[in-house]
Amino acid sequence: MYLYNSATHRKEEFKTHTPGRVEMYTCGPTVYHFAHIGNLRSYIMEDVLEKYLRYAGYDVNRVMNITDVGHLSSDADTGEDKMLKGARREHKTVMEIAQYYTDAFFEDCRKLNIKRPDVVQPATGCIDEYIAIVTRLLDKGYAYQAGGNVYFDTSKLDHYYVFNDHDEEDLAVGVREGVEEDTNKRNKNDFVLWFTKSKFEDQALKWDSPWGVGYPGWHIECSGISMKYNGEYLDLHCGGVDNAFPHHTNEIAQSESYLGHPWCGHWFHVHHLNTTSGKMSKSKGEFLTVSLLEEKGYDPLAYRYFCLQSHYRKALVFSYENLDNAVAAYQKLIGRIAALNPQEGERDETVFQQYRERFLEQMGNDLNTSMGVTSVFDVLKAKTNDATKLALIGDFDQVLSLSLLEKAEAKRVEDAKAKASAQTTGGYTVTGEGDPEVDALVMQRYEAKKAKNFAEADRIRDELKARGIEIIDTKGGATWKRV
Ligand code: AMP
Ligand code: ZN
């Protein structure tokens, strides 16, 4: 596979420390609020990447943290802990907030067909690991104590900015909230490894440490959790592009200083989901969630389809118009798959392998998901039988996870039900969603109209309307749907 590596600034062949095995780490959510669909764009693309690697034959160990402590309002270690902010907003404890939004996050993931990583570790569960890393960093002279906190000394490194090809706007994220400088820092980019003192004394969660009672900085969590579950050599680290600086830059600084050797081979950054007025973010107050999309009648998987249509290294603009286009394309695709006949022919092994190779190659070109979706259309157009087509679509969907076969089967059943219950009287045919009682009422309305009994016809129409059923006139009759 060829994958763009933010650390080397080029697309390169993906290689792992141990052949055939991928140690993969993902920055998980900060669980002080619902994930917005921008956050979920990152998780969708990372999910496709993980599934692609498995599909290509790798054994993957995927680890994710849950940030339930230490992520301050500014990524540059100032402001209030986001968790505390969430707890205050909802008059709950930090742990209640963490549990509630962790569950909500995985519920969103379930709706979007995002697989749960092999290891999910809340940051509060690995305090001893962070203390061990900070202790060694102090021993080796990479860290110092000032004003009660422990800081990493970035002047000790020859090469601190690893991802310097990112947009200025992304790099500036750490200072986005106009926060004041921390005067304990020796250098502008030094960052907190362990807090004991900060201007908000009411931090809810605190632990004993050699430097006093306190709590870990946000960056140390990811290094500690990854080293615990992925080992000393990480192959692939993922996150949204705003995490590149300072978060990932600081992870590299502390991990490599601690280990004394290179740490992570490959950095995968997903670019932002923007609204027409800029990056979608929680600090702006208004943000879209999966539940909100559902309330508006959208299938969460249509949002997944929308994300797959564009490349992860390009900013994606969200608008309802764009989403509606994705819904139409997704439904059309499902309709075409539903029209295939599973009984037609036997799977042709040569054709199957040929298309599978092509899919592997296209997706293996820097995770080209839009080509991955196009591959499904190519299969539909292929000169082969329907059994082979369905086998290929099911195979590709192990990576795309759009529930293509399940949705097509459901549509087939629905269409068959509607067809079976279709009523025809005197050339007038009623179809619908497969309820004979409703079909009969629509037919009675037609007969009432024919007999010029308009009051009765209107009564039936109103009765159906009250039940949430809409009648649509068609060429030779009518159809109905639940709205
Ligand atoms: P957080 O819960 O704030 O720690 O963020 C969770 C993940 O979402 C991180 O990998 C972020 O980089 C990513 N992220 C945040 N905002 C966006 C956005 N608008 N589009 C895509 N990814 C984002
Ligand atoms: Zn992280």
Side-chain angles (χ1 to χ4, degrees), residues 6 24-47 49 63-75 81-83 85-86 97-98 101-102 104-105 108-109 114 117 121-123 126 130 163 166-167 169-171 173-174 176 191 216-227 229-230 234 236-255 263-264 267-284 286-289 303 306-307 310-318:
S6 318
M24 180 173 181
Y25 184 83
T26 302
C27 289
T30 308
V31 282
Y32 72 114
H33 217 319
F34 292 110
H36 59 60
I37 59 171
N39 302 131
L40 291 159
R41 177 193 189 196
S42 288
Y43 296 112
I44 288 170
M45 302 318 281
E46 292 162 4
D47 179 68
L49 176 59
V63 179
M64 181 193 270
N65 68 308
I66 297 288
T67 300
D68 54 1
V69 69
H71 191 175
L72 307 192
S73 294
S74 150
D75 288 355
D81 189 317
K82 291 186 178 190
M83 294 302 297
K85 215 165 147 179
I97 288 285
Y101 287 112
T102 301
F105 172 71
D108 285 345
C109 288
I114 297 172
Q121 175 63 63
C126 290
Y130 316 141
F163 306 114
H166 288 302
D167 299 345
E169 200 190 323
D170 294 325
L171 286 172
V173 94
R176 69 188 154 206
F191 55 93
W218 172 38
H219 318 299
I220 199 76
E221 293 174 9
C222 288
S223 293
I225 292 171
S226 173
M227 286 187 220
Y229 297 103
N230 293 117
L234 186 60
L236 181 56
H237 195 310
C238 312
V241 72
D242 61 328
N243 280 167
F245 185 85
H247 185 49
H248 292 162
T249 306
N250 292 347
E251 280 186 44
I252 296 172
Q254 67 203 3
S255 299
W263 174 49
C264 176
W267 289 83
F268 175 86
H269 287 120
V270 181
H271 285 244
H272 285 148
L273 180 79
N274 294 324
T275 60
T276 38
S277 56
K279 181 197 162 202
M280 187 171 291
S281 82
K282 287 173 220 176
S283 56
K284 284 191 188 158
E286 273 213 353
F287 58 90
L288 290 174
T289 60
Y303 177 66
F306 170 74
C307 291
S310 69
H311 197 258
Y312 76 91
R313 273 198 305 122
K314 288 207 179 96
L316 176 60
V317 178
F318 178 86

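Hydrogens, waters and symmetry mates play no part in the numbers below; they use all other heavy atoms, side chains included. One-based numbering, in listed order, for ligands and for the atoms of each.
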Smallest separation among heavy atoms of His33 and Tyr101, with atom names = C-CD2, 3.3 Å

So is Asn243 in contact with ligand 1, going by heavy-atom distances below 4.0 Å?
-> yes

Short N/O distance, under 3.5 Å, between Gly38 and ligand 1?
-> yes

Would Cys222 count as a contact for the Zn ion (ligand 2), in the sense that one of its N, O or S atoms lies under 2.8 Å from it?
-> yes

Using modelled atom types only, decide if a donor and an acceptor are shared between the side chain of Ser6 and the backbone of Trp267 within a distance under 3.5 Å.
-> yes

Tell me, do Val241 and His272 make a side-chain contact under 4.5 Å, heavy atoms counted?
-> yes

Closest non-hydrogen contact found for Phe34 with Phe287 is O-CE1, 3.6 Å

Just wondering, do Met64 and Tyr43 contact through their side chains at under 4.5 Å, heavy atoms?
-> yes

Provide the number and element of each atom of ligand 1 under 4.0 Å from a heavy atom of Leu273.
-> 18 (C), 19 (N), 20 (N), 21 (C)

Examine ligand 1 and decide if any of its atoms is less than 4.0 Å from a heavy atom belonging to Asp242.
-> yes

Would you indicate which of Asn39, Ile44, Thr67 comes nearest to atom 8 (O) of ligand 1 when only heavy atoms are counted?
-> Asn39

Is the Zn ion (ligand 2) under 2.8 Å from any N, O or S atom of His248?
-> no

N/O of Tyr43 under 3.5 Å from N/O of ligand 1, yes or no?
-> no

Near Thr30, which atoms of ligand 1 are under 4.0 Å from a heavy atom of that residue?
-> 1 (P), 2 (O), 4 (O)

Between Cys27 atom SG and His247 atom NE2, the angle centred on the Zn ion (ligand 2) rounds (to 10°) to 120°

On a heavy-atom basis, the closest approach of Cys222 and His247 is SG-NE2, 3.4 Å

How close does the nearest protein non-hydrogen atom get to atom 18 (C) of ligand 1, and which residue and atom is it?
-> His272 CD2, 3.5 Å

Pair Asn65, Tyr25: side-chain N/O donor-acceptor within cut-off below 3.5 Å | yes

Thr249 (side chain) donor-acceptor with Ala244 (main chain) under 3.5 angstrom | yes

If you measure from atom 22 (N) of ligand 1 to every heavy atom of Pro29, Ser42, Gly240, Cys27, which option wins on shortest distance?
-> Ser42

